[in-house]
Participant: 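Sharing a structure here in structure tokens format.
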Protein chains: 2
Amino acid sequence: MSEALEAGCVPSPVASRKRQAVLEAAAKLFIGQGYGAVSMDAVAKAAGVSKATLYAHFSGKDALFAEIVRNRLSRLKTDSATVANHALPPRESLRAMGQHWMRFMLAPRTLAIYRIVVGEGTRFPDLARAFHAAGPDQGLAWMTAWVEEEIRLGRLRADTNAQRAAEQMVGLLRGNLYLRSVLGLQTTVTDAEIDEVVDAAAETFLRAYGTEPSPSPAAHAT
Amino acid sequence: MSEALEAGCVPSPVASRKRQAVLEAAAKLFIGQGYGAVSMDAVAKAAGVSKATLYAHFSGKDALFAEIVRNRLSRLKTDSATVANHALPPRESLRAMGQHWMRFMLAPRTLAIYRIVVGEGTRFPDLARAFHAAGPDQGLAWMTAWVEEEIRLGRLRADTNAQRAAEQMVGLLRGNLYLRSVLGLQTTVTDAEIDEVVDAAAETFLRAYGTEPSPSPAAHAT
DNA sequence: GTCTATATTGGGATAGAC
DNA sequence: GTCTATCCCAATATAGAC
């Protein structure tokens, strides 16, 4: 790159700083208020830059938004790399994965991104695709791999369709709790609520797919 | 205007007709393009009325939108009154309910409303509440009642937590298929796909909660 | 690259005639 | 109740100085 190396001009660092400030401010606003409710004026003001600067870095509101979501997705991807475990008995692994999964899905940021992608999905189809690939699809792939390995280890029934079982496990986790959170009807979720849902999901999953006879008789009732 | 040649005044009928036209046009637009993408100009044009007339009937865009969603919800409510059945064996009832449920959830209109409510939920909190009450909550209540009755009839395990089991059944149905449809990644769903998911959900549910020993040995694998 | 100031359009809402 | 024509503001995007 032929940057003007004149005195008095500090080209890249400042640009990066401002750019970063814009990205952070915009992320906060979009996540807090959604896409339509946030104006470029508001972003510029929150970032402490002028609108002209903003437009110097991003070609428009949609490009800025896409950049935000992509950043967030890549971060989520690495955050979620909590690995399937085969050292513990299946129930314990399922519990651990379920807990992690639920906390991730119910985190305010995750919910906010989901809401935006769903709401604006028809206007940003490739964003919806990217979201699904980096989020749900990735998670499903991990879960499927775990199921396959457990089958191989003889701890899940040999006649199990691994992918469908994985989908079902995810479905069992995503109960009313998730829907209520997505709709904003329930703003706080306690650890006890999560534990309850996760334990019940693991129990049902193992009754359907486990090879151990029938773990605990009445432990499933409230 | 042809009605204008009446000497007197025909107050209500015309008003109703225009009002209805506005509602229908707006519904079509909102459902097809979402909330933010539709302008009042477009609604007026599509309905064949002027904006002034539009505003004579509805106080604003949000009120019009709320009216649409409420209409749609009440219609859905009656549509969904397909009743739980206790004459058939549990597996057949589950299949029938599951099929109906899936077709309902995957219908373009239902998906569109869900998308809008999720996307604009933070701006219209009472709409989100109404949606949940008339849709998911209602459906869950029906399913819970069905489970309770089946328990009473001895066809599901006596130690079953009916509400949680109902939630889980719904979760089992809502697999990747639903998410992909919501995100617009999959625009058409075949009956075969639905059947597959529903059958698998019923199988898993009955393995976990059924009292019959173990219905069909290898019928669950692909 | 960054600012201040401004251009421009889209769209929600209204005034007044009929 | 309904129309035509208009107001008015908000919000995207840009021009031009430094």
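Scope of the values below: all heavy atoms of this structure, side chains included, with no hydrogens, waters or symmetry mates. Below, chains carry the letters A, B, ... as their sequence lines are ordered, and counting in each starts from 1.
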Participant: Between A:L29 (CG) and D:dA11 (P), how many Å, whole number?
Facilitator: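 One finds 13 Å between P of D:dA11 and CG of A:L29, rounded.
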
Participant: NZ of A:K45 versus P of D:dT12: gap in Å, rounded?
Facilitator: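 It is 15 Å, rounded to the nearest whole Å.
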
Participant: Could you give the CG-to-P distance, from B:L54 to D:dT4, as a whole number of Å?
Facilitator: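 In whole Å, D:dT4 P lies 14 Å from B:L54 CG.
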
Participant: Would you say B:Y55 reaches C:dA13's phosphate, i.e. side-chain N/O to OP1/OP2 under 4.0 Å?
Facilitator: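 Yes, because at least one side-chain N or O of B:Y55 sits under 4.0 Å from OP1 or OP2 of C:dA13.
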
Participant: Please state how far atom CZ in B:F58 lies from atom P in C:dG11, giving the value in whole angstrom units.
Facilitator: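 Interatomic distance, CZ of B:F58 to P of C:dG11: 20 Å.
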
Participant: Using the six-membered ring of B:Y55, assess whether NZ or CZ of B:K61 lies under 6.0 Å from its centre and within 45 degrees of the ring axis.
Facilitator: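 No, B:K61 does not lie over the aromatic ring of B:Y55.
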
Participant: Salt bridge or not for A:R123 and A:E120, using N-O below 4.0 Å?
Facilitator: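 Yes, A:R123 and A:E120 are salt-bridged.
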
Participant: Of the listed nucleotides (C:dT2, C:dG11, D:dT12), which one gets closest to any side-chain atom of A:K18?
Facilitator: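 The nucleotide sitting nearest to the side chain is C:dT2.
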
Participant: Check every strand shown and say whether A:G36 touches a base, only sugar-phosphate, or nothing at a heavy-atom separation below 4.0 Å.
Facilitator: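 Nothing, no heavy atom under 4.0 Å.
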
Participant: Using a 4.0 Å heavy-atom cut-off, does B:V38 contact any base of the nucleic acid, only the sugar-phosphate backbone, or nothing at all?
Facilitator: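 Here B:V38 touches the backbone only, sparing every base.
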
Participant: State whether the side chain of B:T110 and the backbone N or O of B:F104 hold a donor-acceptor pair below 3.5 Å, judged by distance alone.
Facilitator: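 Flag set: sc B:T110 to bb B:F104 pair under 3.5 Å.
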
Participant: Check whether B:R91 reaches the backbone of B:L206 with its side chain - one donor and one acceptor, N or O, closer than 3.5 Å.
Facilitator: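 Flag not set: sc B:R91 to bb B:L206 has no pair under 3.5 Å.
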
Participant: Under a 3.5 Å distance rule, please check whether B:T204 uses its side chain to pair with a backbone N or O of B:A201 as donor and acceptor.
Facilitator: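 Checked: no pair found.
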
Participant: Both A:D41 and A:A52 contact DNA chain D. Which one's nearest nucleotide lies toward the 5' end?
Facilitator: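 This one resolves to A:D41.
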
Participant: Any side-chain to backbone donor/acceptor pair from B:W101 onto B:L173? Under 3.5 Å, distance only.
Facilitator: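 Looks like no, no N/O pair under 3.5 Å.
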
Participant: For C:dT2, does either OP1 or OP2 sit under 4.0 Å from a side-chain N or O belonging to A:T53?
Facilitator: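 Looking at the OP1 and OP2 atoms of C:dT2, neither is under 4.0 Å from any side-chain N or O of A:T53.
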
Participant: When all nucleic acid strands are considered with a 4.0 Å heavy-atom cut-off, which category describes B:S39: base, sugar-phosphate, or nothing?
Facilitator: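 Here B:S39 touches the backbone only, sparing every base.
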
Participant: For DNA chain D, what residues of residues 60-67 of chain A have any heavy atom nearer than 4.0 Å?
Facilitator: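 A:G60, A:K61 - these, ordered by number, are the residues of the stretch whose heavy atoms sit under 4.0 Å from the strand.
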
Participant: Kindly determine whether A:Q163 and A:Q168 satisfy side-chain hydrogen bond (donor to acceptor under 3.5 Å, both in side chains), including the steps that lead there.
Facilitator: CA-CA 9 Å; A:Q163 166 133 9; A:Q168 287 186 331; over 6 Å; no

Participant: State which of D:dA15, D:dT12, C:dG12 makes the closest approach to the side chain of A:K51.
Facilitator: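 Given the options D:dA15, D:dT12, C:dG12, the side chain of A:K51 is closest to D:dT12.
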
Participant: In whole Å, what is the span from the CE atom of A:M40 to the P atom of D:dC9?
Facilitator: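 Value for this atom pair: 23 Å.
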
